[in-house]
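The block underneath contains the structure these notes are about, expressed in structure tokens.
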Amino acid sequence: MTQLKGNGISVEHEVDGSDNNIVIINTCGFIDNAKQESIDTILKYAGAKKEGLIEKVYVTGCLSQRYRSELESEIPDVDAWFGTMELPQLLKKFKADYKHELIGERVITTAKHYAYLKISEGCDRPCSFCAIPIMRGKHISKPIETVLTEAKNLARNGVKELLLIAQDSTYYGLDIYKKRNLAELLDKLSDVDGIDWIRLHYAFPTGFPEDILDIMGRKDKICNYLDIPLQHASSNMLQIMRRGTTRDKTEQLLNTIRTKVPDIAIRTTMLVGHSGETEQDFQELLDFAKEWRFERLGVFTYSHEEGTHAYKMKDDVPQEIKEERANELMALQEQISLELNEEKVGKTFKTLIDRKESGYFVGRTEYDSPEVDNEVLIDANEHFLRIGDFANVEITEAREFDLIGIPAKTIS
Ligand code: SF4
């Protein structure tokens, strides 16, 4: 979007009913549900083109990287398809040039006060179930200076919270600096004026650089929050899934994390129904989740993906069992989440107000990432808060995935 704007082209994100005449669809090709959503979106706009409502449809991103030739013949109404590394070719369709001087500039498509900041692209891991390396290639870290430039630009445009993302954030630096360098990056980012919160996502557990926990403890701006996708707990499954770790090592790491940063909120994701997962493996996963009581936990059901290592195995867990296991794990998590939330009643948290919706101001604490975690709801008929501001909020009521509160004192 920045490159198009920099070439003088008007561009808007996800708007219906605008008078723009060309639609670019950025796709995901990770698992069945994401592919379906991408295809539905392409078909919707191919239909709009047929009806004469728009002139052209271009498709880019992971789905077209992965299935380009099939898609070209199946959906001929699309004018052109681009892979994940073909931004300059896409720009050519607009008679626009790729401008290097725009590196680090961003058009923000989320709320104005937070932004996702990608610190690296691609992945060198061999996880059995994952098609991401096929689509995104090998791990390439962005140099620290580039990330800092981007962070400063974002801060200048009003961003207060950075959500650091990558396919594998704990690998950061190993390619270009020959060492895991996430701690240094976090340290430097926490010196950027205007940024109040820095949140770390997708921290792969194997080879976890423990020095980031020291920085987290030392620097207030680094949220006491860690998104660490564990995927499973049974050593048998971790081996089949080629995760490079065991249950014992995972527990040692979790112990270290919770000892070094005692009030940390840990978010994890689990994958159920992978080829070879027995009832016993699943029970072990349930016991593990009961024991560790993660503050946040999401579950995916296994999707059998061409080109992955697991594709050579039989997809031997029936779909209904996959779903039953996912539901059982989520039901357990719902109870854990409610109990942990109930402990917050009567306490006050610094809260970033994201939006106003259905009569509530909706915010988040440092323990919550947008869209996936808990929200704090404040009655908008009773209280006034400004979107994008921090407020101290006292929690008065807890639900499974939401907290209800009242402002204690606005602090910015
Ligand atoms: S680390 Fe993440 S992105 Fe990389 S292969 Fe494993 S699951 Fe996929």
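Heavy atoms only: backbone and side chains are in, while hydrogens, waters and symmetry mates are out. FYI, the numbering just counts along the sequence from 1. Remember, it's 1-based here, ligands and their atoms both numbered in the order they're listed.
- Classification of Glu161 and Lys112 as a salt-bridged pair fails, no side-chain N sitting under 4.0 Å from a carboxylate O.
- Among protein heavy atoms, atom 2 (Fe) of ligand 1 sits closest to Gln167 O, 3.9 Å.
- Residue contacts to atom 8 (Fe) of ligand 1: Cys127 brings no N, O or S atom closer than 2.8 Å.
- A salt bridge links Asp79 to Lys49: one of the charged nitrogens lies within less than 4.0 Å of a carboxylate oxygen.
- The residues Arg325 and Asp281 are annotated as not salt-bridged, no charged nitrogen and carboxylate oxygen being separated by less than 4.0 angstrom.
- When only non-hydrogen protein atoms are considered, atom 8 (Fe) of ligand 1 lies nearest to Cys130 SG, 2.3 Å.
- Under 4.0 angstrom from ligand 1, there are no non-hydrogen atoms of Pro126.
- In this structure, Lys322 pairs ionically with Asp315, as a charged nitrogen and a carboxylate oxygen lie closer than 4.0 Å.
- Protein heavy atom closest to atom 4 (Fe) of ligand 1, with residue, atom name and distance, is Cys123 SG, 2.2 Å.
- Salt-bridge annotation for Lys221 and Asp196: absent, with no side-chain N of the basic residue lying under 4.0 Å from a carboxylate O of the acidic one.
- Within ligand 1, counting atoms from 1 as listed, the ones closer than 4.0 Å to a heavy atom of Phe204 are 1 (S).
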